[in-house]
There are 2 protein chains.
Amino acid sequence: MTAEARAAASPLTERQEARRRGILQAGAQLAGRGGFEAVQMREVADAAGVALGTLYRYFPSKIHLLVAVMQDQLQHLRLTLRRRPPAGEGPAERVAETLMRAFRALQREPHLADAMMRALTFADRGVSPEVDAVSRLTTAIILDAMELEDPTQEQLSVVRVIEHTWHSALITWLSGRESIAQVKRDIETVCGLIGPAADTR
Amino acid sequence: MTAEARAAASPLTERQEARRRGILQAGAQLAGRGGFEAVQMREVADAAGVALGTLYRYFPSKIHLLVAVMQDQLQHLRLTLRRRPPAGEGPAERVAETLMRAFRALQREPHLADAMMRALTFADRGVSPEVDAVSRLTTAIILDAMELEDPTQEQLSVVRVIEHTWHSALITWLSGRESIAQVKRDIETVCGLIGPAADTR
DNA sequence: CGCTAATCTAGAACAAGTTTCAGACTTGTT
DNA sequence: AACAAGTCTGAAACTTGTTCTAGATTAGCG
């Protein structure tokens with residue numbers, strides 16, 4: 001548990017922490033079974049052994065819940081990547097490899113991916129802080145892969161464009177309008193923006 | 001045969017065409033006033049002077065309706081662009097100019113933009129044909145700006161990446177997590193993929 | 001321990017998207 | 001003109017996200 005979470009909201013007790021985790025797990029499980037629409041708040045509450053009102057105290061909407069699930073998944077991904085970092089030669093290759101690894105993980109759980117991505121892009125201003133946390137995590141993962149400490153404005157814009165492409169390509173794939181091969185190509189294409197070697201000229 | 005297949009096959013009568021336009025206009029008007037959530041199907045039906053069941057016969061869901069509104073807007077945009085094409089020197093400049101013009105138009109109607117974009121990215125497989133039509137229109141607008149007749153696979157992937165960036169940057173702007181200036185920079189950055197003039201690599 | 005405030009539960013209630021249905025109206029055909 | 005098929009209306013019903021309430025439970029504290 002981070003110090004920020006403690007500072008932002010009043011710290012959760014042990015049982016509350018357990019409840020929160022149970023809710024997240026129930027949500028992820030239902031999402032994995034049937035995607036966004038299968039995550040029904042009454043069922044989540046049931047599966048987590050918690051009253052509906054309590055669920056809403058922890059996560060003020062279905063979108064909040066699914067964005068939190070996504071944050072959870074990204075944290076796992078980041079740890080996995082720390083243990084086995086991408087092995088490409090340049091930053092562009094490493095970012096592409098990182099995203100393709102994430103993509104393959106999502107392909108194994110397309111329903112979960114559907115629920116998370118739909119929630120993320122449908123989120124309105126009321127969920128901005130949470131969506132922003134997800135976005136910062138994604139940025140951090142990409143910057144990790146680039147092995148960049150101190151990005152310039154241009155590099156940050158490139159990273160944003162990569163994130164945009166990543167999100168939108170996933171959505172397009174999930175709705176059946178783009179193939180796995182096309183997503184792969186899109187990722188490789190956008191990674192071309194990173195440039196083959198930033199400081200050779 | 002499905003209802004859609006029939007609708008696509010058999011042309012609408014005059015009155016039906018008028019009803020359809022009335023519904024689209026009512027939808028766009030409500031969307032312009034209060035965004036996605038302000039488009040309530042009962043109100044749309046009311047404003048269009050049509051029964052709820054009829055509204056659902058023309059547009060089988062709120063998402064379908066808003067995606068159709070978007071298609072309508074894109075068709076207008078394309079005509080406008082035909083009349084006054086972008087004047088940049090290279091394809092990259094012209095695409096950026098085109099997208100920035102569209103962006104400025106959306107800034108004038110942020111609520112409408114919200115309703116259309118949220119519908120577009122939230123659409124599931126059941127709306128794929130309609131979303132695909134919007135996507136093809138967008139692609140056509142970009143290819144128009146590039147003045148490209150016969151794009152290669154690589155060029156098509158670049159166009160897809162531009163579209164992804166365009167959609168996702170708009171969503172991010174609409175939810176208040178990215179500024180107008182950042183969206184502009186993202187557009188210019190991704191247009192860098194088009195390559196300055198003739199590619200020499 | 002005993003008190004107070006916060007939290008949790010069960011369940012009803014509400015809101016908006018969607019479905020359904022019986023009856024009225026249009027349209028095209030003979 | 002008369003009929004059959006399809007379309008539209010008005011209204012109720014159903015679904016699922018969200019809110020609300022009254023009472024039970026828990027946590028922190030003197």
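Everything numeric in this text was worked out from a predicted model, so none of it was measured. Computed from heavy atoms alone, side chains included, the values below leave out hydrogens, waters and symmetry copies. Numbered from 1 within each chain, the chains take letters A, B, ... in sequence-line order.
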Query raised in the report: Which part of the nucleic acid does B:V44 contact within heavy-atom distance under 4.0 Å: base, sugar-phosphate only, or nothing?
Result: nothing

Query - Side-chain N or O of B:Y58 closer than 4.0 Å to phosphate OP1/OP2 of D:dC8 - result: yes

Report task. Would you kindly compare A:T54 and B:R42 by the position of their nearest DNA chain C nucleotide and give the one closer to the 5′ end? Result -> A:T54

Query raised in the report: Is B:R136 paired with B:D132 through a side-chain N to carboxylate O contact shorter than 4.0 Å?
Result: yes

Query raised in the report: Is the backbone N or O of B:V131 less than 3.5 Å from a side-chain atom of B:S135, with the two atoms forming a donor-acceptor pair by type?
Result: no

Report task. Output yes when a side-chain donor or acceptor of B:R118 lies under 3.5 Å from a complementary backbone atom of B:F36, and no otherwise. Result -> no

Query raised in the report: Considering only side-chain heavy atoms of A:V50, which listed nucleotide, C:dT7, C:dT9, D:dC8, is closest?
Result: C:dT9

Report summary line: Regarding the side chain of A:Q40, the nearest nucleotide among C:dC8, D:dT16, D:dT9 is D:dT16

Report task. Identify whether any heavy atom of B:E37 sits under 4.0 Å from a base atom; if not, whether one sits that close to sugar-phosphate; answer base, sugar-phosphate or nothing. Result -> nothing

Query - Spacing between B:E43 atom CD and C:dA15 atom P, to the nearest angstrom - result: 13 Å

Query raised in the report: Which whole-number value in Å describes the distance from B:M41 CE to C:dT20 P?
Result: 15 Å

Report summary line: Rounded to whole Å, NZ of B:K62 lies from P of D:dG17 at a distance of 15 Å

Requested in this report: Take atom CG of A:L55 and atom C1' of C:dA10, then tell me their distance rounded to the nearest Å.
Outcome: 14 Å

Query raised in the report: Can you tell me if A:T80 uses its side chain to pair, donor with acceptor, with the backbone of A:H76 under 3.5 Å?
Result: yes

Requested in this report: Do nucleotides 19-30 of chain D as a string where each nucleotide becomes B, S or -: B if the base has a protein heavy atom under 4.0 Å, S if just the sugar-phosphate does, - if no protein is that close.
Outcome: B------SS---

Report task. If D:dA12 has a Watson-Crick or G-U wobble mate with both distances under 3.5 Å, name it; if not, just say none. Result -> C:dT19

Query - Nucleotide D:dG17, atom C1' - distance to CZ of B:F36 in whole Å - result: 13 Å

Query raised in the report: Over how many whole Å does the gap from B:F59 atom CZ to C:dT19 atom C1' extend?
Result: 19 Å

Report task. Inspect the contact between A:R185 and B:E154 and indicate whether a charged nitrogen and a carboxylate oxygen are less than 4.0 angstrom apart. Result -> no

Query raised in the report: B:Q16 CD to D:dG6 C1': how many Å, rounded?
Result: 10 Å

Report task. Using whole Å, report how far CZ of B:R57 lies from P of C:dT20. Result -> 13 Å

**Report entry** Option from B:T172, B:T189, B:D186 for which side chain to side chain contact (heavy atoms under 4.5 Å, CB included) with A:R160 holds
**Finding:** B:D186

Report summary line: Between A:A169 and A:V183, the two heavy atoms sitting closest are O-CG2, 3.9 Å

